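The structure appears below as structure tokens.
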There are 2 protein chains.
Amino acid sequence: MSDPLAKSTAPLHSVHPASTQAIAADLIALLVAVTAGDPRVLTIQDQNALPSGPFELAHRSLQSGLRAWVERQTGLPLGYVEQLYTFADRDRTGAADQRIISISYLGLTREQAESSQYEASWRSWYEYFPWEDHRLGIPTMEKTLRSGLAAWIAAAPDQTTRSHRRQRAARLFGLEDHLWNEELVLQRYELLYEARLIPEALRGDGATAETAVAAFVPGDPMILDHRRILATGIARLRAKIKYRPVVFELMPDTFTLLQLQRCVEALAGKLVHKPNFRRLIEQQELVEDTGETSQETGGRPAKLFRFRRAVLAERAIAGTKLPVSGA
Amino acid sequence: MSDPLAKSTAPLHSVHPASTQAIAADLIALLVAVTAGDPRVLTIQDQNALPSGPFELAHRSLQSGLRAWVERQTGLPLGYVEQLYTFADRDRTGAADQRIISISYLGLTREQAESSQYEASWRSWYEYFPWEDHRLGIPTMEKTLRSGLAAWIAAAPDQTTRSHRRQRAARLFGLEDHLWNEELVLQRYELLYEARLIPEALRGDGATAETAVAAFVPGDPMILDHRRILATGIARLRAKIKYRPVVFELMPDTFTLLQLQRCVEALAGKLVHKPNFRRLIEQQELVEDTGETSQETGGRPAKLFRFRRAVLAERAIAGTKLPVSGA
DNA sequence: AACCCTTATACTCAATATCAGTATAATAGG
DNA sequence: CCTATTATACTGATATTGAGTATAAGGGTT
């Protein structure tokens with residue numbers, strides 16, 4: 001094979017001299033655990049930022065950089081790690097001559113004693129996205145949301161736009177005759193951003209709260225685009241649990257089937273049909289009986305199961321299914 | 001909200017001073033078109049490299065940087081663009097004090113007159129991955145592949161490893177009683193790399209062809225990890241066409257249902273069942289009749305259809321299904 | 001014109017997966 | 001001993017999917 005480095009630099013090229021521009025790289029970690037029926041994320045700085053760290057030359061790769069750094073700083077065992085997205089939007093930092101590329105990662109773990117030395121703490125992701133939790137039916141904040149959307153629709157400049165907005169809001173938020181689709185987390189966030197119903201939308205353009213079409217929808221914001229990264233991660237995870245056995249990374253070694261179900265429900269933000277859930281789990285032989293039972297269920301004792309690690313090898317990617325269909 | 005920049009830099013931090021290390025960013029474009037029943041990629045440099053360009057401060061975002069640059073250089077209309085993966089492995093370049101972060105993108109387009117001024121050309125992706133094309137049954141190169149895998153399995157140090165290798169090879173390549181799964185493109189590439197059945201595996205460690213377990217499997221290599229990026233893109237696309245109407249980005253304005261089917265088959269690398277394919281397309285109202293017919297089919301004239309652009313708005317992400325089940 | 005070859009288009013049938021509901025078992029607490 | 005609570009096991013209706021068959025409409029050939 002010819003040496004590509006010997007080639008001259010053409011407009012389309014595959015290897016070019018490194019530009020000595022001020023570019024820095026940043027790793028952002030979205031660490032998720034499920035505790036007591038709540039999906040939690042690790043946050044720092046008054047709970048409104050995701051942990052991050054610089055990518056350094058010493059790191060072998062992006063992922064190993066993140067792994068090393070998270071495990072050293074928090075002592076958390078990172079079972080499953082996957083790259084989420086890479087951002088480099090200009091308005092992420094103030095400086096115009098400086099560019100930060102942020103590579104975000106999703107990591108699944110189990111909640112540990114809080115590493116308070118770093119002012120880190122776990123928070124339910126529904127504190128940032130209250131409209132995403134449909135486990136107890138329509139969230140109570142729904143009224144604010146509906147009226148906010150209505151105001152945005154009404155504020156459209158013309159009839160066509162108005163109709164489009166109504167359609168889009170209905171589809172994304174399961175209004176009119178649309179069903180709620182729990183995977184559209186990012187699209188919903190983007191709509192709320194566009195509709196200026198969340199504080200992030202007013203940043204940077206010198207706008208004040210008065211410019212908002214209506215009152216903000218409940219839910220805490222985060223710094224920079226961290227809440228957007230969280231939305232991306234939730235969406236990815238909600239999609240993934242349906243065809244990959246990643247939930248088990250969030251479970252203790254042994255668990256009852258109901259505990260497993262509650263974990264899936266916590267992530268999906270909606271309840272699932274119990275008999276069907278059990279059938280699918282057992283049919284696919286995702287778990288094996290430990291022979292023990294748990295008495296702490298409040299009723300008949302439940303069998304304790306353990307994840308069959310063998311399935312990771314058997315179907316490494318081939319396919320497993322978890323039901324996230326209605327209750 | 002408090003200004004996060006005012007905070008001091010803690011071990012876990014969200015904003016930190018940019019490290020002035022030698023980090024550069026690179027955009028790599030995997031441009032795909034389907035022509036004459038062949039899925040093609042745009043290549044440069046004697047057809048063994050993907051086009052790439054530096055990410056510059058002037059770019060508004062990564063994606064807009066890529067778009068601007070590709071459209072300016074090639075004149076190709078990039079319909080659909082999606083981020084693939086970000087790499088920064090240390091051994092991607094020789095230099096130890098220099099790090100390149102590569103952000104790869106997948107773009108769908110339609111083949112144009114070759115922009116020969118940049119020595120770019122379209123090549124079938126099966127020239128790089130002959131083992132991925134199962135449209136005409138098992139590829140003819142299968143013998144080399146099988147014996148290579150057999151040698152790798154036999155070369156295992158102990159019985160357990162041997163058994164694992166056999167299982168893994170069987171699952172990925174559809175041997176023994178396993179079915180062929182067209183989505184496992186990257187996993188297959190990684191196995192071949194590990195088994196040293198492709199030239200890339202011998203780079204860098206001073207090894208020569210003699211160190212190889214067996215003869216290389218057919219298929220052209222590419223520079224750096226470009227063939228790996230191609231594998232990632234193929235896998236992503238094969239997965240995506242099943243639930244998103246992205247195929248239409250690769251089709252002309254009007255087309256017959258068989259043309260559409262051939263396009264899907266080209267991407268999936270396998271044939272699909274015609275009546276079922278048609279049923280699913282029509283059932284979902286993905287296309288609309290143009291009223292015209294095409295005589296160039298060799299048999300009964302076929303109706304010409306057009307993609308119903310409205311579905312992009314209706315189901316922006318909600319879900320469409322294309323069947324890629326057996327013929 | 002009759003025939004054949006080719007592709008288009010329309011239907012049918014069986015197997016499977018999914019959705020939803022109900023019945024029984026085993027514990028704790030009053 | 002009864003009741004509340006959860007666990008676990010079945011059952012039936014419906015939708016989806018996989019696979020096969022039949023008919024229609026062109027061109028070319030004898």
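Order of the sequence lines sets the chain letters (A, B, ...), proteins ahead of strands, with each chain counted from 1. Please read these numbers as outputs of a predicted model, since none were measured by experiment.
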Practice task
Indicate, with a heavy-atom threshold strictly under 4.0 Å, whether A:Leu258 touches base, sugar-phosphate, or nothing.
Solution key: sugar-phosphate
Exercise for the section: Could you tell me whether A:Arg135 and A:Asp38 make a salt bridge, using a distance below 4.0 angstrom between a side-chain N and a carboxylate O? Expected result: yes
Exercise for the section: Determine whether the side chains of B:Gln83 and B:Tyr105 contain a donor N or O and an acceptor N or O closer than 3.5 Å. Expected result: yes
Practice task
Using side-chain contact (heavy atoms from CB on, under 4.5 Å) as the criterion, list what pairs up with B:Glu142, not counting sequence neighbours.
Solution key: B:Ile138, B:Pro139, B:Leu145, B:Arg146, B:Leu175
Exercise for the section: Using a cut-off of strictly less than 4.0 Å, decide whether B:Lys303 has a side-chain nitrogen or oxygen near OP1 or OP2 of C:dT9. Expected result: no
Practice task
In whole angstrom, give the distance that lies between atom CZ of A:Phe277 and atom P of C:dC19.
Solution key: 13 Å
Exercise for the section: Quickly work out the A:Asn276 CG to D:dT14 P distance and round it to whole Å. Expected result: 16 Å
Problem - Rounded distance (Å) that lies between atom C1' of C:dT7 and atom CD of B:Gln261 - result: 12 Å
Problem - Euclidean distance, atom OH of residue B:Tyr243 to atom C1' of D:dT17 [Å, nearest integer] - result: 20 Å
Fill in the blank from the handout: Heavy-atom contacts, protein to nucleotides 24-30 of chain D, under 4.0 Å, summarised as B (base), S (sugar-phosphate only) or - (none) per nt, yield BBS----
Problem - Gap between atoms CD and P, on A:Glu282 and D:dC10 respectively (whole Å) - result: 11 Å
Problem - Aromatic plane relationship, A:Phe255 with A:Phe248 - under 30° parallel, 30 to 60° tilted, over 60° perpendicular - result: tilted
Problem - Short side-chain to backbone donor-acceptor contact, B:Thr290 and B:Leu304, under 3.5 Å - result: yes
Practice task
Answer yes or no for A:Arg171 and A:Trp180: cation-pi contact, defined as NZ/CZ to six-membered ring centre under 6.0 Å and angle to ring axis within 45°.
Solution key: no
Practice task
To the nearest Å, give me how far apart CG (B:Leu280) and C1' (D:dA19) are.
Solution key: 15 Å
Exercise for the section: Measure the spacing between CZ of B:Phe173 and CG of B:Leu192 and express it to the nearest 0.5 Å. Expected result: 4.0 Å
Completion exercise
Per nearest nucleotide of DNA chain D, the residue lying toward the 5' end, A:Pro275 or B:Arg279, is A:Pro275
Practice task
Looking only at side-chain atoms of B:His273, point me to the closest of D:dA19, C:dT9, D:dA7.
Solution key: D:dA19
Practice task
Using whole Å, report how far CG of B:Leu260 lies from C1' of C:dA8.
Solution key: 15 Å
Problem - Nucleotide C:dT27, atom P - distance to CD of A:Glu292 in whole Å - result: 15 Å
